[in-house]
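Scope of the values below: all heavy atoms of this structure, side chains included, with no hydrogens, waters or symmetry mates. Within every chain, numbering begins at 1; the chains are lettered A, B, ... in the order of the sequence lines, protein sequences first and strands thereafter.
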2 protein chains.
Amino acid sequence: MLTPENDSPPVYREIADTLRIAIASGELSDGDRIPGENELMKRHGVARATARQALSVLINEGIAVAVRGSGVYVRGFSPLVRHGRRRLSKELWSTGRAIWGADTAERPFATDSVTVSEMRAPAHVARALDLDEGDRVLRRRRRYRLDDRPMQLATSYLPAELVAGTSVTRPDTGPGGIYARLAELGQAPAHFTEEIRVRMPSPDERTKLSLSPGTPVMHVMRVALTKEHRAVELNEMTLDGSAYVLQYDFDA
Amino acid sequence: MLTPENDSPPVYREIADTLRIAIASGELSDGDRIPGENELMKRHGVARATARQALSVLINEGIAVAVRGSGVYVRGFSPLVRHGRRRLSKELWSTGRAIWGADTAERPFATDSVTVSEMRAPAHVARALDLDEGDRVLRRRRRYRLDDRPMQLATSYLPAELVAGTSVTRPDTGPGGIYARLAELGQAPAHFTEEIRVRMPSPDERTKLSLSPGTPVMHVMRVALTKEHRAVELNEMTLDGSAYVLQYDFDA
DNA sequence: AAGTGGTCTAGACCACATC
DNA sequence: ATGTGGTCTAGACCACTTA
């Protein structure tokens with residue numbers, strides 16, 4: 001249509017903006033149906049591809065989700081608060097409660113597809129755990145679900161010689177989890193550091209977490225240290241960004 | 001083309017996967033040029049829209065960036081570490097150093113487009129600062145840049161009656177910033193809580209932070225409390241997700 | 001059966017970058 | 001001048017949902 005005005009925004013973007021404003025203003029709210037491709041074609045007199053492009057903007061922003069055969073809908077957001085400090089307080093795991101209970105106020109997290117294996121430490125793991133690159137580590141991978149919704153993927157690495165022969169090497173680590181077992185070995189975690197990155201998920205992460213398009217993930221790398229400052233665990237977590245709010249508190 | 005095989009992945013996705021693998025394997029690395037639309041059309045025998053769709057997948061994932069008139073390139077990632085605790089240690093702001101110096105190891109952050117205004121507290125601000133919804137707050141907005149690259153947008157809210165007549169109401173708050181001024185008022189921040197969300201940016205945020213498509217933002221909400229647990233500031237920050245790593249540490 | 005979104009083709013004109 | 005990505009049209013067939 002040879003864009004009559006000089007450098008006006010493209011049509012698909014203007015259509016997207018119209019819809020975005022309708023959503024932001026509350027005119028359309030969580031779960032409401034957004035005008036579909038056919039409706040936008042009629043309403044704005046554009047070709048199908050242009051209407052689609054407008055919708056794809058909102059979908060890639062995570063504001064809307066498309067449901068095949070049904071329509072496009074406004075997407076809600078009601079996340080879970082994950083509290084950095086309270087979650088890892090000593091009372092929790094030292095009394096046999098799983099750490100994951102802390103977030104969810106008694107709603108149980110389910111653990112999924114647990115795999116345990118021993119391997120040579122990858123470079124970044126060796127660095128975090130203060131090992132040499134050839135050293136062996138135990139790797140524990142699992143997925144967490146809440147009400148059947150997958151929420152997070154987690155991979156823990158521990159020095160293999162430290163946990164050899166303990167239940168940490170078995171799928172079920174017993175009451176209190178890994179940290180309780182480390183405490184029994186005299187290697188109780190006393191100090192934690194967490195690094196948080198955000199990015200778009202890989203295709204693998206998208207399927208494992210059932211993410212809809214436009215959903216970013218949080219990547220949390222946590223190192224657990226004993227009171228002697230020995231690094232005893234690296235936990236790499238990938239969280240569904242639409243499902244979590246991380247909370248930290250600290251003193252000046 | 002009537003998709004010959006049954007439920008094989010769509011062509012554009014297979015093309016995207018090919019490219020993704022080439023990137024992940026290091027065959028293509030940061031800044032390298034990715035095969036463009038014309039190249040993909042020839043190589044895979046598809047229409048232009050299909051080649052474009054394949055590239056748009058990578059762009060929306062933040063793996064690649066398109067440069068008009070030039071080509072599509074692999075995108076690098078070299079973030080800045082923002083340390084939750086060290087940044088806000090009392091020594092920093094109590095000795096007149098700006099908080100922002102802490103992240104960057106002496107590289108200076110520049111402040112941009114500062115606006116100060118007084119207004120009625122929005123609902124979420126009133127809640128965070130423990131005010132009534134009609135109460136007045138001072139709002140300070142600004143943008144931070146590092147080496148001319150915009151890194152973060154920040155909006156602070158403070159109870160208006162608390163800071164009336166101080167330099168907090170002026171664009172330049174003086175040495176040590178807001179927190180030093182609060183300390184002079186006997187309201188020194190002693191405790192902080194931060195909440196972190198991740199989402200895709202709004203169009204406004206995308207332009208203000210010069211974000212390329214596929215870049216999520218971190219949204220940090222920080223409340224500063226005095227030692228008497230009075231909430232004296234709410235700071236809402238929007239960080240370029242490709243530019244930051246947040247770090248926190250704490251004890252069990 | 002009708003409507004919806006998902007994929008794909010085959011064209012077109014534009015603005016911009018590089019040579 | 002040529003090639004690149006950006007936008008747009010006008011069709012087509014498919015799989016799925018809803019009624």
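Comparing atom distances between the A:Tyr12 side chain and each of D:dC8, D:dT9, C:dA10 picks out D:dC8 as nearest. The side chain of A:Ala66 lies closest to C:dG6, out of D:dC8, D:dG5, C:dG6.
Note: CD (B:Glu37) to C1' (D:dT2) measures 15 Å, nearest angstrom. In this entry the distance linking CG of B:Leu58 with C1' of D:dG5 reads 15 Å, nearest Å. Residue B:Asn60 contributes atom CG, which lies 16 Å from atom P of D:dG5 at whole-angstrom precision. Taking atom NE2 on A:His44 and atom P on D:dT7, their separation rounds to 17 Å, with Å as the unit. Whole-Å rounding puts the B:Arg48 CZ to D:dG3 C1' distance at 11 Å. Atoms CD (B:Gln53) and P (C:dG6) sit 10 Å apart, rounded to a whole Å. We find that CE of B:Met41 is positioned 10 Å from C1' of C:dG11, with the value rounded to whole Å. In this structure, B:Ile59 places its CD1 atom 11 Å from P of D:dT7, rounding to the nearest Å.
Salt bridge status for A:Glu205 with A:Arg199: present, with a side-chain N to carboxylate O gap under 4.0 Å. The pair A:Asp204-A:Lys208 meets the salt-bridge criterion, with a side-chain N (NZ, NE, NH1 or NH2) lying under 4.0 Å from an Asp/Glu carboxylate O.
Put simply, the side chain of A:Met237 reaches to within 4.5 Å of the side chain of A:Arg82, judged on heavy atoms. In this structure, B:Asp240 and B:Met151 have side chains that are not in contact, with every pair of non-hydrogen atoms separated by 4.5 Å or more. B:Val217 places none of its side-chain heavy atoms less than 4.5 Å from the side chain of B:Leu239.
In this structure, the separation between CZ on A:Phe192 and CG on A:Asn235 is 10.0 Å, given to the nearest 0.5 Å.
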What does the list of N/O pairs under 3.5 Å between the protein and nucleotides 17-19 of chain C look like, with a distance for each?
residue : atom : partner : partner atom : Å
C:dA17  : O4'  : B:Gly69 : O            : 3.3

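Distances shorter than 4.0 Å separate some side-chain N or O of A:Asn38 from OP1 or OP2 on C:dT4. Close to D:dT9, at under 4.0 Å from its OP1 or OP2, lies a side-chain N or O of A:Thr50.
Judged by distance alone, the side chain of B:Arg222 and the main-chain N or O of B:Glu236 form no donor-acceptor pair under 3.5 Å.
A perpendicular orientation is assigned to the rings of B:His124 and B:Tyr157, their planes being inclined by more than 60° (bins at 30° and 60°).
Heavy atoms of B:Arg33 sit under 4.0 angstrom from primed sugar atoms or phosphate atoms, though from no base atom.
Counting only Watson-Crick or G-U wobble pairs whose defining distances are both under 3.5 Å, the stems of 3 or more consecutive pairs in DNA chain D are C:1-18 with D:1-18.
Screening A:Arg140, A:Glu233, A:Arg139, A:Arg141 against A:Ser156 for a side chain to side chain donor-acceptor pair (under 3.5 Å) leaves a single residue, A:Glu233.
DNA chain C is contacted by both A:Ala49 and A:Gly71; A:Gly71 maps to the nucleotide lying nearer its 5′ end (nearest heavy atom per residue).
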